[in-house]
Amino acid sequence: MAPFENGAQSVSTSTSVVTLRFSQKMDTRYYSFGKGPLGIESMARVKRLLGFSEDAKSFSFELEVKPNQRCQLMIGSSFRNENGDRLKPYLIDFKTID
């Protein structure tokens, strides 16, 4: 994941584009996002989908986050590789700064 690591505690609110990197080529028809364990109040909002890269090994999206907030976003199991194997749900959890 770029431009910050999962669990980061000082993410700038100016950081808006997040890129997920996959070890295998993904099926570009499928993706999903959801709330994490902290619920809807802490969910990082996906503002705009930028989509898969040409090689289908990364997926980018733009986030909308507020300052000084713990944010979560669940990457859902609708993401799947070319063989149809679904991604295990993956929690992105970070904290923004002022």
Side-chain angles (χ1 to χ4, degrees):
M1 185 172 77
F4 57 88
E5 291 190 28
N6 199 7
Q9 297 296 303
S10 57
V11 175
S12 171
T13 54
S14 67
T15 301
S16 61
V17 175
V18 174
T19 300
L20 304 173
R21 301 198 192 290
F22 304 102
S23 60
Q24 301 174 32
K25 193 171 182 181
M26 304 299 284
D27 186 329
T28 59
R29 297 176 294 171
Y30 302 102
Y31 57 88
S32 64
F33 300 98
K35 62 183 171 114
L38 294 180
I40 197 80
E41 300 81 26
S42 296
M43 185 175 171
R45 306 279 182 211
V46 176
K47 185 176 176 180
R48 184 168 59 116
L49 296 175
L50 303 173
F52 282 95
S53 60
E54 283 189 35
D55 68 359
K57 287 188 172 185
S58 65
F59 184 88
S60 297
F61 53 94
E62 191 173 335
L63 283 181
E64 183 177 322
V65 294
K66 297 176 183 172
N68 200 28
Q69 182 180 13
R70 184 165 173 202
C71 302
Q72 293 184 330
L73 184 65
M74 185 69 72
I75 306 305
S77 61
S78 290
F79 279 96
R80 59 190 81 178
N81 66 18
E82 285 188 311
N83 296 328
D85 299 324
R86 292 176 177 259
L87 188 73
K88 289 182 184 177
Y90 180 77
L91 178 66
I92 295 175
D93 191 341
F94 62 96
K95 186 172 186 314
T96 58
I97 55 175
D98 294 331

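For the numbers below, each heavy atom of this structure counts, side chains included, while hydrogens, waters and symmetry mates do not.
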Problem set entry | Gap separating the CZ atom of Arg21 from the OG atom of Ser60, nearest 0.5 angstrom | 7.0 Å
Exercise. Rounded to the nearest 0.5 Å, what separation is found between the CG atom of Leu73 and the CG atom of Leu63?
Worked result: 6.5 Å
For this session: Please check if Val65 and Phe4 belong to a single hydrophobic cluster, counting links between Ile, Leu, Val, Met, Phe, Trp and Tyr side chain heavy atoms closer than 4.5 Å.
Result: yes
Problem set entry | Heavy-atom closest pair, residues Ser53 and Lys57 | OG-N, 3.4 Å
Problem set entry | Side chain to side chain, Phe52 and Met26, heavy atoms closer than 4.5 Å | yes
For this session: With rounding to the nearest 0.5 Å, note down the distance linking CG in Asp85 to CG in Asn83.
Result: 5.5 Å
Exercise. Is the distance between the ring centroids of Phe22 and Phe79 less than 6.0 Å?
Worked result: yes
Problem set entry | Check ion pair Asp93-Arg70 (N to O, under 4.0 angstrom) | yes
Exercise. Heavy atoms, side chains only, cut-off 4.5 Å: are Ser78 and Arg86 in contact?
Worked result: yes
Exercise. Can you name the residues that form a salt bridge (Lys or Arg N to Asp or Glu O under 4.0 Å) with Lys47, not counting sequence neighbours?
Worked result: Glu62
Exercise. Side chains of Ile75 and Tyr31: does their closest heavy-atom pair fall under 4.5 Å?
Worked result: no
Exercise. Could you give the distance from CD1 (Ile97) to CD (Gln9), rounded to the nearest 0.5 Å?
Worked result: 11.5 Å
Exercise. Can you tell me how far the CD atom of Gln69 sits from the OG1 atom of Thr13, to the nearest 0.5 Å?
Worked result: 11.0 Å
Which atom pairs, donor and acceptor, lie under 3.5 Å between side-chain atoms of residues 33-45 and protein residues at least two apart or in another chain?
none

Exercise. Is the shortest side-chain N to carboxylate O distance from Arg29 to Asp27 below 4.0 Å?
Worked result: yes
Seminar exercise, completed: Between Phe61 and the options Leu50, Thr19, Val46, the side-chain contact (heavy atoms from CB on, under 4.5 Å) test singles out Val46
Problem set entry | Intermediate values then yes/no, side chain to side chain contact (heavy atoms under 4.5 Å, CB included), Asp55 and Lys25 | CA-CA 7 Å; Asp55 68 359; Lys25 193 171 182 181; 5.9 Å; no
Exercise. To the nearest 0.5 Å, how far apart are CG in Leu20 and CD1 in Ile92?
Worked result: 5.0 Å
